[in-house]
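Start at 1 and go down the list; that is how both ligands and their atoms are numbered. Here, residue 1 is the first one in the sequence, and each next residue gets the next number.
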Amino acid sequence: MKLELDITPLADWFKNYQKPMLIAGPCSAESEEQMLETAAQIAAFYPNSIFRAGIWKPRTRPNTFEGIGDIGLKWMQEVKAQTGLLTATEVANADHVEKCLKAGIDILWIGARTTVNPFSVQEIADALQGVDIPVFVKNPINPDAQLWAGALERVNNAGIKKIAAIHRGFHSFDNGPFRNAPKWELAIEIKTACPQLPMICDPSHISGNPELIPYIAQKAIDLDMDGLMIETHRDPTVALSDAKQQVKPFQLKEIIDDLSIRSATVDNADFQSKLVELRLMIRKLDNDLLELLAKRMAISSQIGEYKRDNDVTILQVAHWKKLFAESLATGEVLGLPESFIKELYQVIHDESIRRQTEVMNKVKKK
Ligand code: PEP
Ligand code: MN
């Protein structure tokens, strides 16, 4: 993927930036007291964080709580005045952008339900022309890295340089234990295409419950992500949206305190030379693996020819089952988990079948 963005580094606009950048606050603004109390508790242990609250909520069904509306902007101003925290909220159209700019909201983010729609993203980008405000772009609901990249480009093309991507997980048929499947590879794809783009993880919307948040947050840090957005409410049991996944401020403190912060580089010659040595070993082994796979596939092609010449089908279920079971057993002895062997053999077998099909479709040798 190609993604060229003109970006102002985080440290150049976020005063006292320290890793992780923390964005915390309730899913929705509900009352002035709820906002002020939650913000004060967060500011007490993380004064350098950014306070989030949704003011206009894009709910899946109408007649649920669709956000407190414009009055919430006033409460945001009050939060900033009383705690000194920067403020952030979600915008979904030009009207929201204008109201936020007028109210002096510090940071805007585009939500997952908006990123899916290039018309909406463009409308927001147009409303941001000539404005100097940080804008964070959540990944789209569906697992489509191009759509995410496109939204980042539209915002950047409008002249916004303080940009970050927010990874909040994806809707998929197999979400596993998560509310939204993390599909880390999509965040990694974006980060690889544009390494200078700050990446923030939203463990709340990935997890859907507080229990998984520490695990997701640590994994994000281990993947060298720059920040975390964690929904925090003074009393999640009475929250009007996303009640099941919000944490109390003291739980947020525990999550942050328990994180092992690791950096991508370290200024230590011994560490660097050992790392280079280990990486060389891996590189060599990877080459060996690829050579072995090439040899294996060449034999698959030979088998294809042999089957073709004898009018035998490519797939021989009993044989495939036996081979797979044997490999699982070998994997177990070698300490390789079943899930890994399964996925690995799936791709190897697919490629083997593809090759044999190619051979089968060629004219029969005499
Ligand atoms: C939110 O942050 O409360 C929200 C609506 O998130 P998302 O756009 O990721 O669903
Ligand atoms: Mn939410």
Query raised in the report: Should Asp202 be counted as touching ligand 1, given the test is an N or O pair under 3.5 Å?
Result: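 So ligand 1 has no N or O lying under 3.5 Å from an N or O of Asp202.
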
**Report entry** N or O contact, Pro58 vs ligand 1, cut-off under 3.5 Å
**Finding:**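 Among all N and O atoms of Pro58, none is under 3.5 Å from an N or O of ligand 1.
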
Query raised in the report: If you count the non-hydrogen atoms of other residues, nucleotides and ligands that lie under 6.0 Å from NZ in Lys307, is the total more than 12?
Result: yes

[X] (side chain) donor-acceptor with [Y] (main chain) under 3.5 angstrom:
X: Lys57; Y: Cys27; value: yes
X: Asn117; Y: Phe119; value: yes
X: Arg308; Y: Val359; value: yes
X: Thr89; Y: Ala53; value: yes
X: Gln356; Y: Leu315; value: no

In the protein, what heavy atom is nearest to [atom], and what distance, to one decimal place, separates them?
atom: atom 2 (O) of ligand 1; answer: Arg52 NH1, 2.7 Å
atom: atom 8 (O) of ligand 1; answer: Ala112 N, 2.8 Å
atom: atom 4 (C) of ligand 1; answer: His205 NE2, 3.5 Å
atom: atom 6 (O) of ligand 1; answer: Lys138 NZ, 3.0 Å

Under 4.0 Å from any heavy atom of [X], which atoms of ligand 1 are there?
X: Gly111; value: 8 (O)
X: Arg168; value: 7 (P), 9 (O), 10 (O)
X: Trp109; value: 2 (O)
X: Cys27; value: 3 (O)
X: Glu231; value: 1 (C), 2 (O), 3 (O)
X: Lys57; value: 1 (C), 3 (O), 5 (C)

Query raised in the report: To the nearest 10°, how many degrees is the angle His205 NE2 to the Mn ion (ligand 2) to Cys27 SG?
Result: 180°

Report task. Could you tell me the angle subtended at the Mn ion (ligand 2) by OD2 of Asp242 and OE2 of Glu231, rounded to 10°? Result ->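 If I round to 10°, I get 120°.
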
**Report entry** Between Ser172 and Asp174: side-chain donor-acceptor atoms closer than 3.5 Å
**Finding:**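 Absent: no donor and acceptor within the cut-off.
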
Query raised in the report: With distance as the sole criterion, is a donor-acceptor pair present between the side chains of His233 and Asp242 under 3.5 Å?
Result: no

Query raised in the report: Any Lys/Arg nitrogen of Lys274 or Asp270 sitting under 4.0 Å from an Asp/Glu carboxylate oxygen of the other?
Result: no

Query - Asp350/Arg354 salt bridge by N-O under 4.0 Å criterion - result: no

Query raised in the report: For ligand 1, which part of Met229 has a heavy atom less than 4.0 Å away: the side chain, the backbone, both, or neither?
Result: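 For Met229, no heavy atom sits under 4.0 Å from ligand 1.
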
